[in-house]
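Structure first, then comments.
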2 protein chains.
Amino acid sequence: MRLTPLQQEFVLHFGEMGSRWGINRTVGQIYALLFLSEQPLNAEQITTALGVSRSNTSMGLKELQAWSLVRLRHLPDDRRDHFTTPDDLWEIVRTLVAERKKREIDPTLTKLRELEMQGPRGDNYAESRIAELRELIETMTGFYEEMEKLETERLVQLMTLGSRLRGVLETGRSLNPFAKSKKGRAASKGK
Amino acid sequence: MRLTPLQQEFVLHFGEMGSRWGINRTVGQIYALLFLSEQPLNAEQITTALGVSRSNTSMGLKELQAWSLVRLRHLPDDRRDHFTTPDDLWEIVRTLVAERKKREIDPTLTKLRELEMQGPRGDNYAESRIAELRELIETMTGFYEEMEKLETERLVQLMTLGSRLRGVLETGRSLNPFAKSKKGRAASKGK
DNA sequence: CAGTAATTTCTGAAACAACAGATATTCCTT
DNA sequence: AAGGAATATCTGTTGTTTCAGAAATTACTG
């Protein structure tokens with residue numbers, strides 16, 4: 001398989017960013033390639049397109065599956081595994097956030113609760129600091145869980161509220177500019 | 001400097017999590033130690049408390065400064081640098097998010113725009129996929145910028161909206177349960 | 001403008017991660 | 001059950017990261 005110049009550049013960028021994202025170059029490249037590929041690709045195609053070893057591709061795909069970032073597809077009359085990324089980008093974001101939370105936040109939240117369970121140990125400052133941190137993480141993960149429940153449509157609606165966000169948070173103010181409220185019709189210009 | 005058992009356990013946990021957070025063990029430990037320390041600490045104290053080399057401490061502090069995660073403090077009659085973390089945890093979160101965005105998102109957004117600037121190249125699927133990704137990132141960073149502008153109080157208010165979040169997004173519904181609206185007082189049962 | 005304390009940078013060793021090629025396993029076909 | 005295609009795992013090599021200790025630099029003190 002041969003890449004177009006556009007695909008090439010995109011793939012190389014994702015490879016370079018890999019290390020910042022906590023994955024290796026090959027994993028980044030495989031993901032980028034699948035992301036830009038209209039058809040699902042098999043391991044062989046990925047290997048030749050990226051010019052990496054077959055084994056490297058295999059490990060990369062395994063890692064991407066552990067992240068639930070690729071899906072397996074089977075084509076008729078072909079028993080090779082073919083891989084794609086979801087068409088819906090918001091679904092990809094949801095997956096990414098969920099996985100990162102699972103790996104980067106949850107273990108710490110568990111540990112903090114564990115430390116608190118062991119009861120007061122007379123280390124007052126540290127204890128209060130830990131409690132505060134736990135509360136903050138709980139607040140944030142609680143918010144995350146609420147957002148996770150929203151359908152994509154509502155989520156986008158929330159994200160594109162823009163400057164109206166501030167207004168919504170002021171008690172008594174409605175999101176509907178036509179609702180009965182003195183300040184109701186503020187801020188209406190979208191992008 | 002000698003650590004209490006509570007500090008010890010917390011510090012070790014942050015060290016272990018370091019690799020998942022994209023920092024090394026020592027950096028994680030230094031941060032954890034400073035986080036639990038009521039007084040600012042100097043490099044020497046950190047070194048003995050963690051049992052690492054002086055040079056390692058120096059590199060770790062440099063890295064934490066690059067992340068803007070620690071602040072420098074000078075005590076009277078002492079020319080050594082002393083380090084602390086902010087008292088306000090929300091400030092820490094803001095810093096973390098801002099830095100991660102800068103390192104993990106912005107370069108890719110720039111690259112995507114760059115690719116689009118090079119104009120259509122007849123690679124239709126890839127082009128539309130890239131445009132879609134850029135739009136999504138712009139939506140998310142736009143939302144982030146709005147949240148960044150909120151004072152902490154409002155931010156916490158937003159995050160603790162809970163199930164009312166859904167209600168707020170339904171056009172015409174006010175955040176104020178007493179506002180005049182037929183559906184106004186719906187959605188009050190918690191989890 | 002020495003002398004010394006504090007900090008940073010250099011150096012090499014050890015641990016770890018990434019990778020290609022070879023070998024082994026799985027799973028389908030007949 | 002044998003053959004063969006697809007995939008996964010093992011093995012050794014290369015590259016990278018982490019770290020301590022040494023050397024160099026910087027920044028104060030008298």
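Numbers restart at 1 for each chain; the letters A, B, ... are given by sequence-line order, proteins then strands. FYI, side chains are in, hydrogens and waters are out, and symmetry mates aren't considered; it's all heavy atoms of this structure.
Distances shorter than 4.0 Å separate some side-chain N or O of A:Thr26 from OP1 or OP2 on C:dC19. Within the structure, a side-chain polar atom (N or O) of A:Ser58 is placed less than 4.0 Å from OP1 or OP2 of D:dA8. Taking 4.0 angstrom as the limit, B:Lys62 places a side-chain polar atom (N or O) nearer than this to OP1 or OP2 of C:dT9. Contact check, A:Asn24 against C:dC19: a side-chain N or O comes under 4.0 Å of OP1 or OP2. Residue B:Ser53 has no polar side-chain atom (N or O) positioned under 4.0 Å from OP1 or OP2 of D:dC19. Between A:Arg54 and C:dC19 there is no side-chain polar atom (N or O) within less than 4.0 angstrom of OP1 or OP2.
Residue A:Arg79 places a side-chain atom within donor-acceptor reach of the base of D:dA5, judged by atom type and a 3.5 Å distance cut-off alone.
In this structure the side chain of B:Thr48 never reaches within 4.5 angstrom of the side chain of B:Arg2, judged on heavy atoms.
Judged by distance alone, the side chains of B:Thr57 and B:Thr47 do bring a donor and an acceptor atom under 3.5 Å apart. A donor-acceptor pair shorter than 3.5 Å cannot be found between the side chains of B:Asp78 and B:His74. A donor-acceptor pair shorter than 3.5 Å can be found between the side chains of B:Arg94 and B:Thr152.
Taking atom CD of residue A:Glu44 and atom P of nucleotide C:dA20, one finds them 14 Å apart after rounding to whole Å. Distance B:Gln45 CD to C:dT7 C1': 15 Å, rounded to the nearest Å. The distance from atom CZ of A:Phe83 to atom P of D:dA6 is 14 Å, rounded to the nearest whole Å. Atom pair B:Asn42:CG and D:dA27:C1' shows a separation of 16 Å (rounding to whole Å applied). Atom pair A:Leu75:CG and C:dC28:C1' shows a separation of 16 Å (rounding to whole Å applied). Taking atom CG on A:Leu64 and atom P on D:dA8, their separation rounds to 13 Å, with Å as the unit. Spacing between atom CD of A:Glu63 and atom C1' of C:dA17 amounts to 11 Å, rounded to whole angstrom units. Atom CD1 in B:Ile30 sits about 13 Å away from atom C1' in D:dT18, given to the nearest Å.
For A:Asp78 and A:Met59, each mapped to the nucleotide of DNA chain D holding its nearest heavy atom, the one lying further toward the 5' end belongs to A:Asp78.
Which of C:dA20, D:dT7, C:dT7 sits closest to the side chain of A:Asp81 comes down to D:dT7. Closest contact between the side chain of A:Asn56 and the listed nucleotides D:dT9, D:dC19, C:dC19 involves C:dC19. Listed nucleotides D:dA6, D:dA20, C:dA6 differ in distance to A:Arg80; the shortest reach to its side chain belongs to D:dA6.
Counting non-hydrogen atoms of other residues, nucleotides and ligands closer than 6.0 Å to CZ of B:Arg103 gives a total above 12.
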